[in-house]
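Structure first, then comments.
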Amino acid sequence: MTIRLPAGDGGFRAYEPRKEPLAATPGIPFTSRTVFSAAHVVADPFADSTPDSPAAVDWDATLAFRRHLWSHGLGVAEAMDTAQRGMGLEWAGAAELIRRSAAEAKSVGGLIACGVGTDQLTGPATLDEVRAAYEEQLALVEESGAQAILMASRALAAAAKGPEDYLEVYGHLLRQSAEPVVLHWLGPMFDPALEGYWGSSDLDTATDTFLEVIAAHPDKVDGIKVSLLEAQREIDIRRRLPQGVRCYTGDDFNYPELIAGDEQGFSHALLGIFDPLGPLAAEAVRVLDTGDAKGFRELLDPTVELSRHLFQAPTRFYKTGVVFLAWLAGHQSHFTMVGGLQSARSLPHFARAYELADGLGLFPDPKLAEERMKNLLSLYGVNQ
């Protein structure tokens, strides 16, 4: 049996769905790498809301997905851009998400780290207001018992006059943090408002400022998450980090080689693509735990084509593909997103994502995924 998929050129192609899923079983956390999946939120499809309304979240389904990730040994990176921070999930919703997920993590013994930003600021802000916003969110994350991830701030990017303002703001936050944090450098391909972060659009200059922040407070920085989609730049930054400061790759284009590493080191991981890849990624890292880098690459390298497809420009809309695959995989009963973001990708994009994910065996019930894909196609007027 085949399914007709739109080819993107006005025509169609026949695809024969996979019959059996990849065999991936839950397991304990990893020994060679620390691995976080940045997790999506599940919208409430029955809420009477608009794209401008506060996010309506299905809390039961959202927390169930986090338990799924924890069951495979993955950590959860909560309230990050994968959870639509600044793209449908406002600060009040993110704060509730952090509280609920941190409590759930404690109840099941799951690893969790949560995003700290300044998204409660809705207009132009001074540096003092940026600091205060960061402090409010940092306090909430620390009170929840989760590790803090200091996210890049649109407000700081707009208010800062140069590198010295970043050094001052981040230095202030690191001095008062109770525990070591993760610093997140999110590139403008993920959020155009972050162009020129660290005080310069020249990435070499920006890197020097970023590393200066870390060098001044190495005891307060657990690690860095680099999301620039440039493998060599991440490697260069990784090699310049102070002893004991980890690099968590956020490179959804080149993660297998960066996690595998080389003779001079490796990256840990904090990745949005590990939301749909969770069980398969966990299997691969367990192989790496045995010292089998070749076997790790053999499992994970074939997933890169799917990741590059989901994260293709405009990269910030990758969340749509992530939630689409969660629906096909049966992790939620609908394909609805907060902010109406389910409309951000085309039908040919969805068709290719389905084909690639199915080929990898990512769907626990391939027949369910096929039926849901056919239902979506029928809504667009495609008859089988």
Side-chain angles (χ1 to χ4, degrees), residues 20-39 65-78 80 82 104-106 108-113 146-147 149 179-180 182 184 221-227 231 234-235 237-239 241-307 329 331 357 360-364:
E20 298 294 333
L22 176 77
T25 57
I28 62 174
F30 319 115
T31 58
S32 65
R33 304 289 189 273
T34 300
V35 180
F36 290 94
S37 166
F65 186 76
R66 281 134 183 82
R67 290 193 296 272
H68 155 73
L69 295 172
W70 284 318
S71 76
H72 286 275
L74 296 157
V76 169
E78 189 56 277
M80 302 292 290
T82 303
E104 195 74 15
K106 185 176 181 180
V108 302
L111 179 65
I112 189 169
Q147 184 179 22
I149 303 170
E179 300 291 339
V182 176
H184 185 192
V221 180
D222 164 70
I224 62 168
K225 169 176 158 57
V226 182
S227 301
E234 178 176 319
I235 292 169
I237 293 173
R238 187 173 75 196
R239 291 174 178 172
L241 291 174
Q243 185 70 28
V245 176
R246 291 186 273 195
C247 180
Y248 295 91
T249 187
D251 188 331
D252 300 278
F253 284 3
N254 305 291
Y255 50 93
E257 65 184 88
L258 292 165
I259 297 170
D262 55 31
E263 66 282 354
Q264 296 186 53
F266 57 83
S267 294
H268 300 269
L270 198 166
L271 288 160
I273 191 57
F274 280 7
D275 179 304
L277 290 184
L280 192 159
E283 289 288 319
V285 177
R286 287 196 178 88
V287 170
L288 188 59
D289 284 347
T290 70
D292 183 2
K294 181 174 182 291
F296 166 79
R297 294 293 298 270
E298 287 174 349
L299 278 173
L300 213 54
D301 281 358
T303 70
V304 171
E305 185 177 5
L306 171 63
S307 189
H331 293 299
L360 292 168
L362 294 185
F363 302 129

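Asp262 places a side-chain N or O within donor-acceptor distance of the main-chain N or O of Gly265, the cut-off being under 3.5 Å.
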Practice task
May I have the step-by-step check of side chain to side chain contact (heavy atoms under 4.5 Å, CB included) for Leu299 and Val287, ending in yes or no?
Solution key: CA-CA 9 Å; Leu299 278 173; Val287 170; 3.9 Å; yes
Exercise for the section: Under the side chain to side chain donor-acceptor pair (under 3.5 Å) rule, what do Ser32 and Asp289 come out as? Steps first, then yes or no, please. Expected result: CA-CA 5 Å; Ser32 65; Asp289 284 347; 2.4 Å; yes
Exercise for the section: Could you walk me through whether His68 and His331 pass side chain to side chain contact (heavy atoms under 4.5 Å, CB included), step by step? Expected result: CA-CA 9 Å; His68 155 73; His331 293 299; 3.6 Å; yes
Practice task
Under the side chain to side chain contact (heavy atoms under 4.5 Å, CB included) rule, what do Met80 and Phe36 come out as? Steps first, then yes or no, please.
Solution key: CA-CA 11 Å; Met80 302 292 290; Phe36 290 94; over 6 Å; no
Practice task
Output, in order, the C-alpha distance, side-chain angles, deciding distance and verdict of side chain to side chain contact (heavy atoms under 4.5 Å, CB included) for Leu241 and Val221.
Solution key: CA-CA 10 Å; Leu241 291 174; Val221 180; over 6 Å; no
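Using cut-offs of 30° and 60° for the angle between ring planes, the Phe266 and His268 rings count as perpendicular. The aromatic rings of Phe274 and Tyr255 stand perpendicular to each other, their planes meeting at an angle above 60°, with 30° marking the opposite boundary.
In this structure, the separation between CZ on Arg297 and CG on Leu288 is 10.5 Å, given to the nearest 0.5 Å. The distance from the CZ atom of Arg238 to the CD atom of Glu234 is 6.5 Å, given to the nearest 0.5 Å. Rounding to the nearest 0.5 Å places CD1 of Ile259 at 5.5 Å from CG of Leu271. Atoms CZ and CZ, on Arg246 and Arg33 in that order, are 11.5 Å from each other to the nearest 0.5 Å. Rounding to the nearest 0.5 angstrom, the gap separating the CZ atom in Arg239 from the CD1 atom in Ile237 is 12.5 Å. Separating the OG atom in Ser227 from the OH atom in Tyr248 is a distance of 13.5 Å, to the nearest 0.5 Å.
The two residues Ala105 and Ile112 come nearest to each other via the heavy atoms CB-CG2, 3.7 Å. Minimum heavy-atom separation, Leu69 to Ala39: CD1-CB, 3.9 Å. Across all non-hydrogen atoms, the minimal contact from Gly223 to Val245 is CA-CG1, 3.9 Å. Closest approach of Leu300 to Ala281, counting heavy atoms only: CD1-CA, 4.1 Å. Contact detail for Leu360 and Pro302: the closest heavy-atom pair is CD2-O, 3.6 Å. Taking all atoms of both residues into account, the shortest heavy-atom contact from Leu280 to Leu362 is CD1-CD2, 3.9 Å.
The residue from Ile149, Val182, Asp251 that alone fulfils the side chain to side chain contact (heavy atoms under 4.5 Å, CB included) condition with Lys225 is Val182.
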